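I have placed the structure first, in the form of C-alpha cells, so that the comments after it can refer back to it.
Predicted model only: the values in this text are computed from it and were never measured.
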Amino acid sequence: MKFPQYLLLATGLLMPLLSPAATGAAGPAATPRATAKAAPGVRIDPTYWWVGMKNPKLQLLVNAPGIASSTASLVAYPGVTLDSQQKLESPNYLVVNLSIGPEAKPGQLKLNFKGGKNLTYSYELRTRNTDPQRTQGLTQADFIYMLMPDRFSNGDSKNDVVKGTRVNHIARDSMYARHGGDLKGIQNHFDYFKKLGATAIWPTPIIENDMPKASYHGYAVTDCYKIDPRYGTNAEYQQFVKAAHADGLKVVQDIVLNHWGSYHHLFLDKPAADWFHAFPKFTRSNYNAFALNDPYGSKRDYTLFNDGWFDTSMPDVNQGNPLVATYIIQNFLWWVEATGIDGYRIDTYPYSEPKFLMQFGQATMEEYPKLAQFAEAWEGTEAEQAFFAQNILPPVNGFKSNMPGLLDFQICFAISDALKTENGDLSKLYHALQADWLYVDATRNVPFLDNHDMSRFYSVIGEDFNKFKTGIAWLLTLRGTPQLYYGTEVLMKNFSNPDGKVREDFPGGWAGDKTNYFTTRPSGQAGEAFDYVSKLANYRKTHPVLSSGKLMQFIPQDGVYTYFRYNDAGECVMIIANNTKDEKKVDGTRFAERTDGFSSGVEVVSGATISDLKTLTVPAHTAWVVELRK
C-alpha cells in the first residue's frame with residue numbers, strides 16, 4: 001500500500017507539519033502538572049485508582065525533576081504493598097509498583113520519597129462505581145452516530161480559546177483550524193440523535209491534543225489523562241456520559257493505541273529512549289498490514305509497518321516495552337472506570353505491536369466484560385480484515401486477535417462499489433457477507449458508509465438520491481451495529497481530497513448559522529433523506545428482527561440483490577434492491593424458503609403494499625425493505 005491519501009486529511013499534511021520534537025530540534029520543555037497540594041510539581045499516572053479491581057497490580061509512573069535520585073516508601077496502608085521500584089534513563093521518572101489486595105479500602109495512600117529529593121505524595125484510592133447502567137456495551141440493536149466534536153456544535157463559547165494552549169484561536173474559514181465545537185454542543189442536541197433513531201454517540205478523540213497545527217482531529221494525544229480543554233473538563237466529560245445515559249444514549253470513546261502527538265509530555269521529556277520507536281532518520285510506516293501475516297514476507301517490511309511512524313507529528317509508541325504497555329492499558333481501564341463509557345473504537349489497530357494488542361484485549365475484557373470494542377482495520381481483503389478480529393484462523397507469528405469487532409471496511413467498500421457506477425457490481429457485497437465465516441462473531445462488526453477520513457457517501461455515488469436510499473437501506477438492515485457519519489442524514493457532501501471538506505461544520509451548530517438543521521427540517525431532498533434514515537432507524541428500534549434476526553442472502557442476479565432478516569418467532573423482513581437503470585421483474589418463487597407462509601408485505605418506509613410475493617416488479621435504482629405478512 002502506498003502512503004494512504006486519507007492520511008493527508010487525517011493528519012493535516014495538506015499543510016506542512018513538522019514539529020520541533022519530530023525533527024529533533026529543541027522543543028518546549030515539559031511542564032509537569034501539579035496533582036497534589038502536598039507535592040507541588042509532582043505528577044503520578046494514573047492520576048488516581050480504585051480498590052476492588054480484578055487485577056491487583058498497579059504501576060505508578062512518578063514524574064518530577066530529579067525524582068530518580070530518591071527512594072519511594074509506603075506508609076503502612078492495610079491491603080496495599082509496595083512491591084518494587086525502578087529507575088529509568090531520565091532522572092525525572094521513577095516507576096513504583098503496588099499491589100492492592102481485596103481487603104484494601106478507599107482512602108489516601110501516603111508515598112514518601114527520600115534521597116536526592118524529599119517529599120510526600122498523597123495518592124487517592126477510590127471506590128468502584130457499581131451502577132449497572134454504566135458501561136452498557138453495544139448490541140446490534142444500536143445505531144451509532146459518529147461526529148467530530150470540533151465540527152458539530154459550539155455549546156460553550158468560553159472554551160473556544162484556552163490560555164496556554166498552542167492553538168489559541170478559532171478560524172471557521174480554515175478546514176485545519178479549530179472551529180469551537182465541544183461536549184456541551186453535542187449534549188445540547190441529544191434530542192436530535194434520538195429523533196434520527198441513533199442510540200449511541202461516537203465522537204472522534206476528545207483527549208487533549210495540544211498540537212500547534214491541525215489539532216482539531218484528536219488523533220495526536222498530548223496528555224492521556226486529560227480531556228482537551230477546548231471540549232471541556234474531565235468532570236464535564238463524566239457528566240456528559242451520565243447525561244447521555246439518562247437520555248437513553250450510549251457513548252463510544254475513540255482511542256489511539258499506536259501513537260501519541262509529538263508534543264506529548266512523555267515525548268518531550270522521555271522516561272527512556274525505548275519508550276518510542278526510532279530510526280537513524282525519520283521513517284514512516286509502510287502502511288501495509290499484509291507484512292504481519294505474509295508467509296513469505298521480509299523482517300524489514302514487518303518492522304517498517306509496526307515501528308515506522310504514522311506521521312511526522314505522531315511518534316510511534318513502543319508497546320514492546322512492558323512499562324509502556326502497562327501505562328497504556330492502565331490508562332484505558334482508567335477512562336472506563338472514571339466515566340462509565342460504553343465502548344471503545346480503536347484507531348489504527350493493526351499498527352500496534354501484535355502481542356501488546358492481545359494483552360490490551362485480555363485486560364480490558366477481563367476488567368469490563370460488557371465494554372464494547374471495535375477497531376479500525378482499514379484493509380483490502382475480507383481475510384486480512386478478519387485477521388484483526390476474533391476469528392477461526394490459527395495464530396500467525398504468535399498473534400491471535402481477541403478484538404471482538406471491527407469497523408467493516410469490506411461492507412463499506414462493497415456498498416460504494418455497487419452504487420458509484422451505473423449497474424454497479426453487487427457481487428462484492430455478497431462476498432463480503434459470505435466471508436463472515438472467518439469470524440467468531442461477525443455481528444459484532446460495525447458496517448458504515450463513510451467517515452471523517454473518506455469522501456462523503458453522497459458524493460461518491462454521484463449525488464443520486466435513489467442510490468442514497470439504497471445504501472441507507474443496506475446499512476440499517478445488514479448484520480452488525482450500523483454507524484452513520486454526521487451530516488450523511490442531510491446529504492452533506494464533498495470529497496476528502498484536496499480540501500478536506502468532508503469535515504465541514506454541521507449546519508446550525510453555531511450561533512448565527514444561516515441554516516439550522518437542528519431546529520428546522522431541511523428542505524428538498526435533504527429533508528427527505530433525514531426522514532428516510534429516521535423512519536428506517538426507528539422501525540429497526542421497534543422490530544428486533546432487523547437487529548437480532550438471522551440473515552439469509554441470495555446470490556445477486558440480473559442486477560438485483562435480495563436478502564432476508566428473520567427469526568424463530570415467525571417474523572421476516574425482505575430487503576430487495578434493484579441496482580440497475582431499468583425496472584426489473586423478479587421471480588419471487590426463488591425465495592420460497594423464506595417467503596412460504598407469507599402472502600404479502602408492506603414496504604416499511606413508504607407504507608406501500610406488496611400484494612404479490614411471487615412476481616415482484618422493482619423500479620430502477622430502488623431498494624425495498626418489506627415486512628412480510630401472512
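- Across Asn209, Asp228, Asn168, a single residue satisfies side chain to side chain donor-acceptor pair (under 3.5 Å) together with Arg178, and that is Asp228.
- Across all non-hydrogen atoms, the minimal contact from Phe360 to Gln373 is CE2-OE1, 3.4 Å.
- Taking the centre of each ring, Tyr351 and Phe305 come in below the 6.0 Å mark.
- Formation of a donor-acceptor pair under 3.5 Å by the Glu337 side chain with backbone atoms of Asn129 is found in this model.
- Taking the charged nitrogens against the carboxylate oxygens, Asp223 and Arg43 do have a contact shorter than 4.0 Å, which makes a salt bridge.
- Taking the six-membered ring for Trp and the full ring otherwise, Tyr219 and His452 have centroids separated by under 6.0 Å.
- Within the 4.5 Å cutoff, the side chain of Leu61 has heavy atoms near those of the Leu88 side chain.
- Between Lys184 and Glu236, no side-chain nitrogen of the basic residue sits less than 4.0 Å from a carboxylate oxygen of the acidic one, so the salt-bridge criterion is not met.
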Side chains of residues 390-398: which donor-acceptor partners sit under 3.5 Å, not counting sequence neighbours?
from	atom 1	to	atom 2	distance (Å)
Gln390	OE1	Arg444	NH2	2.3
Gln390	NE2	Asn402	O	3.2
Asn391	OD1	Leu393	N	2.9
Asn391	OD1	Lys400	NZ	3.1
Asn391	ND2	Ala386	O	2.8
Asn391	ND2	Phe387	O	3.2
Asn391	ND2	Ala389	O	2.7
Asn397	ND2	Leu292	O	3.0

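- A donor-acceptor contact closer than 3.5 angstrom links the side chains of Asp316 and Asn258.
- Remark: the Asn97 side chain and the Ser84 side chain contain an N/O donor-acceptor pair separated by less than 3.5 Å.
- With salt bridges taken as basic N to acidic carboxylate O contacts below 4.0 Å, none links Arg230 and Asp150.
- Contact between Gln187 and Ala243 at its shortest, heavy atoms only, is NE2-CB, 3.4 Å.
- Classification of Lys57 and Asp83 as a salt-bridged pair holds, one side-chain N sitting under 4.0 Å from a carboxylate O.
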- [ ] Begin with the C-alpha distance, continue with both residues' side-chain angles, and end with the deciding distance and a verdict on side-chain hydrogen bond (donor to acceptor under 3.5 Å, both in side chains) for His277 and Asn306.
- [x] CA-CA 9 Å; His277 289 126; Asn306 255 154; over 6 Å; no

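- Separating the CD1 atom in Ile201 from the OH atom in Tyr486 is a distance of 15.5 Å, to the nearest 0.5 Å.
- Between Leu406 and Phe374 the shortest side-chain heavy-atom distance does not fall below 4.5 Å.
- A salt bridge does not link Asp160 with Lys158: none of the charged nitrogens is closer than 4.0 Å to a carboxylate oxygen.
- Looking at heavy atoms from C-beta onward, Leu371 lies out of side-chain contact with Met365 at the 4.5 angstrom threshold.
- Nearest heavy-atom pair, Leu138 versus Ala372, reported as atom, atom and distance to 0.1 Å: N-CB, 3.5 Å.
- The ring of Trp334 has its center closer than 6.0 angstrom to the ring center of Tyr225.
- Contact annotation: the side chain of Asp182 never approaches that of Pro149 to less than 4.5 Å [non-hydrogen atoms, C-beta and beyond].
- Annotation: side chain of Leu74 is in contact with side chain of Leu111 (closest heavy-atom distance under 4.5 Å).
- With a 4.5 Å cut-off on side-chain heavy atoms, Leu98 and Leu109 count as touching.
- Residues satisfying the salt bridge (Lys or Arg N to Asp or Glu O under 4.0 Å) criterion with Glu89, sequence neighbours excluded, are absent altogether.
- Taking the six-membered ring where the residue is Trp, the centroids of Tyr123 and Tyr48 are separated by 6.0 Å or more.
- Between the side chain of Asp142 and the backbone N or O of Thr139 there is at least one donor-acceptor pair closer than 3.5 Å.
- Counting heavy atoms from C-beta outward, Asp311 and His259 have side chains that stay 4.5 Å or more apart.
- Here Trp309 and Phe282 bring their ring centres to under 6.0 angstrom of each other.
- A heavy-atom distance below 4.5 Å is found between the side chains of Tyr327 and Leu266.
- Between Tyr237 and Tyr231, the distance separating the two ring centers is not shorter than 6.0 angstrom.
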